[in-house]
Amino acid sequence: MLRLHDTATGTVRPLELREEGRASIYVCGPTVYDVPHLGHGRFSLVFDVLRRFLEFRGLEVRYVSNITDIDDHIITKAAEEGRSEAEVAAEYEAVWWDAMDALGVKRPTETPHATAFVPDMVRLIGSLVDRGVAYETTDGVYLSVDRIDGYGLLARQDLDSLRSGARVDPGEEKRSPLDFVLWKKARPGGPTWESPWGPGRPGWHTECVVMSLDLLGEDFDIHGGGLDLAFPHHENERAQAVGLERAFARHWVHNGWVMVGGEKMSKSLGNFTSLTDLLERADARAYRLLVLRAHYRSPIEVTPSTIDQAEQGLARLDDMARRFDVVAPATGVTAAQAPGVGADAGAVTSFVEHMDDDLDTPGALAEIFDLARQAHSAADDAKPDEGRRLAVTAAVLCNVLGLSLAGAGPSLDADVAALVSERDAARAGGDYPRADAIRGQLEALGWVVEDGPEGTRLHR
RNA sequence: GGCGGCGUGGCCGAGUGGUUUAGGCAGGGGCCUGCAAAGCCCCGUACGGCGGUUCGAUUCCGCCCGCCGCCUCCA
């Protein structure tokens, strides 16, 4: 069974599902007030692969990822641009899904929006107040972390050490500097909702508690997100669940940073690269490969050089797919079904063993590249069927990682096709100067020209 | 200040107490090819520094140096 790192224990431990055969996952999604950056791309890819792999393992996966469509950033932006918060959120949500589609990220099974759950949040906050875990001040409702057993679990620090590092704003009415806001009483500007504490809006941390518990139920399996969500966001979600005495996530999974010049990429540092920009410059699959080449908990450095290396690696896999004319295998193939579609059982087993080991995608990719080498080798050795079998295996496994390979050759327009046949004729007749001239023409049109036993082959 | 992580061959990036190597990219040599391209074969013998444990450490322990992160909105 899959073993995964759990931030709550700081160890890699077996994923013990609530319900046999079914996995429930909640991944914190974006706040839609700006274009997504490379860090958003990484977590989306990492959890997409986790989801695909669980499905490959034959599990029925329910994957919930939210859209935060109301918060201070959105309100600020709306005010600056003189339009509604809903318009701002809708615009950037559309950008978000475009980027996800381009990356080949499977749509979550549910994508709840925070604004649709505000009444539920009010009820949840009310329960916390009733239980004496939360309290009202002049500007809002706060959760009292002193009342929470094990606060600091995800930060892997105890309350005292967290408190010692906490920054305190003067004039705050919080009982502890670590207490966090559940409900913000209405201030000028921005939308409001009714509550027992007057009009206002929810703080950030409550929405994910409500949406995960409403949709997945108590004691769901995996809660994930970027490492910077571990504290305070996930810590504060957990605190609310503890305060309510409701079972929460069984397993906490966090992915590492995207780095830029040795520093964490983040909005606040202003050193981010937008995902949209990257997707315009590079093959989206190259970013997936770049992310998967490193372990999900390691930091990755994204530079023109590392992107280029990933594109070269991708070209190798594409070349294999072309040589063996491997079309993308049907999705939904499980590990158990893989041999039935012609995949090598031993390689599949080895791949699964890597992935079971805390999602060792670098090891899994090594397996795939090795298959590519073996496939070519077999074909060079006059064993085309064996080569094709290995190539099919590689393609099936790529699919589990969400990597689709370039299949058969592209369709050519009439002019290009004419050049190809003219060149083949020239080569057959020994007119190499003419053949080379046509190759030059084709290359000028952006084609890569390869000669095989069956004549000229083109690809982009 | 508290807590945590990292430092691997030209680059990216896994992994392990010792016999045979992660893998990719780039580079060199060879084969194949009319020439290329692609592919195949071969090659570099790396683990921040200093000690310690050990028959033996890149892998365990300690110290040091360097880098990064969290403790505040952040994927």
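Quick note on labels: first sequence line is chain A, next is B, and so on, each numbered from 1. For clarity, every value in this text was computed on a predicted model and none was experimentally measured.
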Residue-phosphate contact under 4.0 Å: A:Gln312 side-chain N/O, B:rA26 OP1/OP2: yes

Presence of A:Lys264 side-chain N/O under 4.0 Å of B:rC70 phosphate oxygens OP1/OP2: yes

Base, sugar-phosphate, or nothing: which does [X] touch, judged by heavy atoms less than 4.0 Å apart?
X        : answer
A:His254 : nothing
A:Arg316 : sugar-phosphate
A:Gly256 : base
A:Asp451 : base
A:Val258 : base
A:Arg323 : sugar-phosphate
A:Arg439 : base
A:Glu450 : base
A:His37  : base
A:Ser298 : sugar-phosphate
A:Met265 : base
A:Arg434 : nothing
A:Asp228 : base

Check every atom of [options] against the side chain of [X] and return the nucleotide holding the closest atom.
X        : options                : result
A:Arg427 : B:rG39, B:rG23, B:rC35 : B:rC35
A:Ser164 : B:rG34, B:rG1, B:rC70  : B:rG1
A:Ala294 : B:rC12, B:rG34, B:rA14 : B:rA14
A:Gln309 : B:rC25, B:rA75, B:rA22 : B:rC25
A:Phe231 : B:rC40, B:rA37, B:rC71 : B:rC71
A:Pro362 : B:rC71, B:rG13, B:rA75 : B:rG13

CZ on A:Arg288 to CG on A:Leu292, rounded to 0.5 Å: 7.0 Å

Pair A:Asp48 + A:Arg52, salt bridge at N-O below 4.0 Å: yes

Lys/Arg-Asp/Glu bridge criterion (N-O < 4.0 Å) met for A:Arg62, A:Glu110: yes

Over how many whole Å does the gap from [X] atom [atom1] to [N] atom [atom2] extend?
X        : N      : atom1 : atom2 : answer
A:Leu403 : B:rG24 : CG    : C1'   : 13 Å
A:Arg163 : B:rU72 : CZ    : P     : 12 Å
A:Arg373 : B:rG24 : CZ    : P     : 8 Å
A:His376 : B:rG24 : NE2   : P     : 11 Å
A:Asp308 : B:rG27 : CG    : P     : 11 Å
A:Ile300 : B:rC25 : CD1   : C1'   : 16 Å
A:Asn236 : B:rC70 : CG    : C1'   : 14 Å
A:Met100 : B:rA75 : CE    : P     : 12 Å

Base-pairing assignment for [N] (Watson-Crick or G-U wobble, both under 3.5 Å):
N      : answer
B:rG56 : none
B:rC40 : B:rG30
B:rG9  : none
B:rC3  : B:rG69

Within-4.5 Å side-chain heavy-atom neighbours: A:Asp34 and A:His73: no

A:Arg156 side chain to A:Ala8 backbone, donor-acceptor under 3.5 Å: yes

Expected output: side-chain A:His251 to main-chain A:Leu4 donor-acceptor under 3.5 Å: yes

Parallel, tilted or perpendicular: ring planes of A:Phe248 versus A:Trp252, cut at 30 and 60 degrees: tilted

[atom1]-based separation of [M] from [N] [nearest Å]:
N      : M      : atom1 : answer
B:rA38 : B:rC25 : P     : 11 Å
B:rA14 : B:rG48 : P     : 15 Å
B:rC6  : B:rG17 : P     : 16 Å
B:rA57 : B:rG1  : C1'   : 35 Å
B:rC42 : B:rA22 : P     : 14 Å
B:rC12 : B:rC73 : C1'   : 32 Å
B:rU53 : B:rG18 : C1'   : 16 Å
B:rG29 : B:rG34 : C1'   : 23 Å

Comparing A:Gly39 and A:Asp360 on RNA chain B - which has the more 5′ nearest nucleotide: A:Asp360

Closest-nucleotide ordering on RNA chain B, the 5'-leading residue of A:Gln374 and A:Ala366: A:Ala366

Centroid-centroid under 6.0 Å between A:His223 and A:Phe220 rings: yes

Side-chain donor-acceptor contact under 3.5 Å, A:Tyr296 with A:Asp358: yes

Verdict with reasoning, A:Lys77 to A:Glu80, per salt bridge (Lys or Arg N to Asp or Glu O under 4.0 Å): CA-CA 5 Å; A:Lys77 191 135 194 164; A:Glu80 282 171 5; over 6 Å; no

Ring centroids of A:Tyr432 and B:rG34 base under 5.5 Å with planes under 30°: yes

Sequence-aligned protein contact record of nucleotides 3-9 of chain B, with B where the base is within under 4.0 Å of a protein heavy atom and S where only the sugar-phosphate is: S------

NZ or CZ of A:Arg51 within 45° of A:Tyr63 ring axis and under 6.0 Å: yes

